[in-house]
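See structure below.
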Amino acid sequence: MFDFTIVKMYYHISPEGADHPIYEIPATGFFDPAILQEALLRSGETVQAISNALPASFIGTTLCKVSIVQLLFVSMYNQLMDMYPDNLNYQVEMHDDHAHIGYRIKEVRSVPVPIEPEARKAFLLQHWEEYFTNFITPAIEVIAAAGDLKPDAIWQQFSGHLKITQDFLADYMNMPPLTEQFLADGKLLAEFLDPALFNRRRNPYYLVNPRYVENPLKPEEKWLMHSSCCMYDRRENGTKCYTCPRMTHDEREARKCEMLATAAAH
């Protein structure tokens, strides 16, 4: 019933999971301090992290991706996928010179979502309130604490991931009805949920003034700036992402020159 092709490619979430996982735990393990510490260690090793901050950031943002996948299937199929921790296994897989982290869905099961707008709104808002209260928010808080981070360091990345998905659907899927439905369903997530559900003063999915930078190798292509730093520089010989909001203009120009020189050499 569900096509996981895009979801598996970009978010590494699917019923079959990673082809060759090197590490796997039930997502319920995030709430066990010993298991969580091992998950941070094993995940951090794959990216040469210098502390638990980077793997905590990475694991925390996978929970954003879980919510976006739920949202996408709601918009595509009018079905709400069961993506609670007891139905998910967290996985790490090495892919050439980098790691993929994601989830294997143990059992594909879902419930129908109302189509009538007001009934749909009420249904989804009730789901999101319960979902964040019982899973996502407490998971973010224990993951952040284990990585010696403030939860905001993870939450602030959420709006960028939602916007990236919205832009991808609009620019590449060529399915206007799906794009419109995803925007409408996403608006409920980003604008109608009380920030108290996230123990924050602002809803983390709401993005103010998205900013873009040119792709140095294709100036006509725009890249969305991250809504917050993902901490990818917190590894051995680490550097900031080209779309990091912490990168200065001079740093980005220097990186642009490096990328152009590398491209010319090849």
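Taking CG of Leu183 as the reference point, atom CD of Gln166 lies at 5.0 Å (rounded to 0.5 Å). To the nearest 0.5 angstrom, Asp185 atom CG is 6.0 Å from Leu71 atom CG. Interatomic distance, Leu207 CG to Phe158 CZ, rounded to the nearest 0.5 Å: 14.0 Å. In this structure, CD on Glu45 lies 11.0 Å from CE on Met94, to the nearest 0.5 angstrom. A distance of 9.5 Å separates NZ of Lys121 from NZ of Lys187, quoted to the nearest 0.5 Å. For the atom pair CD1 (Ile154) and CD1 (Ile59), the distance works out to 9.0 Å, reported to the nearest 0.5 Å.
At distances below 3.5 Å, not a single donor-acceptor pair connects side-chain atoms of Asn52 with backbone N or O atoms of Asp148. One N or O on the side chain of Gln70 and one on the backbone of Met81 form a donor-acceptor pair closer than 3.5 Å. A distance-only check finds no donor-acceptor pair linking the side chain of Asn215 to the backbone of Glu221 [under 3.5 Å]. Checking side-chain atoms of Thr137 against main-chain N and O of Phe132 turns up a donor-acceptor pair under 3.5 Å. Arg211 places no side-chain N or O within 3.5 Å of a backbone atom of Pro245 that could act as its donor or acceptor partner.
Taking the side chain as every heavy atom from C-beta outward, Tyr242 and Glu258 never approach each other to under 4.5 Å. Proximity of Ile143 to Phe58: side-chain heavy atoms (C-beta onward) are nowhere separated by under 4.5 Å. At a threshold of 4.5 Å between non-hydrogen side-chain atoms, the residues Phe198 and Leu193 count as touching. Lys150 places none of its side-chain heavy atoms less than 4.5 Å from the side chain of Gln156. Within the 4.5 Å cutoff, no side-chain heavy atoms of Ile35 are placed close to those of Thr28. The closest side-chain heavy-atom distance from Ser67 to Tyr205 is below 4.5 Å. No side-chain heavy atom of Trp128 sits less than 4.5 Å from a side-chain heavy atom of Leu197. Using a 4.5 Å heavy-atom cutoff, the side chains of Ile6 and Tyr172 are not in contact.
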Requested in this report: Carefully, step by step, assess Asp3 and Thr5 under the rule side-chain hydrogen bond (donor to acceptor under 3.5 Å, both in side chains).
Outcome: CA-CA 6 Å; Asp3 184 350; Thr5 305; 2.6 Å; yes
Report task. Take Leu80 and Tyr131 through the side chain to side chain contact (heavy atoms under 4.5 Å, CB included) test and state the conclusion after the steps. Result -> CA-CA 12 Å; Leu80 179 65; Tyr131 194 61; over 6 Å; no
Query raised in the report: What's the verdict on side chain to side chain contact (heavy atoms under 4.5 Å, CB included) for Phe30 and Ile25, showing C-alpha distance, side-chain angles and the deciding distance?
Result: CA-CA 9 Å; Phe30 293 153; Ile25 59 166; 4.2 Å; yes
Query raised in the report: Passes side chain to side chain contact (heavy atoms under 4.5 Å, CB included), Phe73 versus Met1? Steps please.
Result: CA-CA 11 Å; Phe73 283 142; Met1 179 176 179; over 6 Å; no
Query raised in the report: Would Glu93 and His12 count as a side-chain hydrogen bond (donor to acceptor under 3.5 Å, both in side chains) if you check the C-alpha gap in whole Å, the side-chain angles of each, and the deciding distance to 0.1 Å?
Result: CA-CA 10 Å; Glu93 179 182 43; His12 314 297; over 6 Å; no
Requested in this report: Let me see the working for Tyr10 and Ile164 under side chain to side chain contact (heavy atoms under 4.5 Å, CB included), right down to the final yes or no.
Outcome: CA-CA 11 Å; Tyr10 292 104; Ile164 285 171; over 6 Å; no
**Report entry** Test log, rule side-chain hydrogen bond (donor to acceptor under 3.5 Å, both in side chains), inputs Tyr90 and Ser43
**Finding:** CA-CA 10 Å; Tyr90 170 75; Ser43 304; 2.8 Å; yes
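Residue Arg202 places its CZ atom among 12 or fewer non-hydrogen atoms of other residues, nucleotides or ligands, all under 6.0 Å distant. Residue-environment remark: CD (Gln126) stays at or below the threshold of 12 foreign heavy atoms within 6.0 Å. Summarising the local packing, NE2 of His98 is surrounded by more than 12 heavy atoms from other residues, nucleotides or ligands at distances under 6.0 Å. By the 6.0 Å contact criterion, CZ on Arg104 is enclosed, its count of non-hydrogen atoms from other residues, nucleotides or ligands being greater than 12. Around OH of Tyr232, the count of heavy atoms belonging to other residues, nucleotides or ligands within 6.0 Å does not exceed 12.
Ionic pairing of Glu214 and Lys222 is present here: one or more N-O contacts between side-chain nitrogen and carboxylate oxygen are shorter than 4.0 angstrom. In this structure, Lys8 pairs ionically with Asp19, as a charged nitrogen and a carboxylate oxygen lie closer than 4.0 Å. A salt bridge is defined here as a Lys NZ or Arg NE, NH1 or NH2 lying under 4.0 Å from an Asp or Glu carboxylate O, and Arg246 with Asp233 meets this definition.
Using a 30° and 60° split on the angle between ring planes, Phe2 and Phe4 fall in the perpendicular class, above 60°.
Contact between Ser227 and Gly160 at its shortest, heavy atoms only, is OG-N, 3.0 Å. Taking both residues in full, the closest heavy atoms of Leu63 and Ala139 are given as CD1-CB, 3.6 Å, listed atom of the first, atom of the second, then distance. Looking at every heavy atom in both residues, Leu149 comes nearest to Ala56 through CD1-CB, 3.9 Å.
Neither side chain, Tyr23 nor Thr46, offers a donor N or O lying under 3.5 Å from an acceptor on the other.
For residues 54-65, the side-chain hydrogen bond (donor to acceptor under 3.5 Å, both in side chains) pairs, not counting sequence neighbours, are Ser57-Gln157, Thr62-Tyr103.
Each of Arg252, Met247, Met231 was scored for a side chain to side chain contact (heavy atoms under 4.5 Å, CB included) with Lys240, with one residue passing: Met247.
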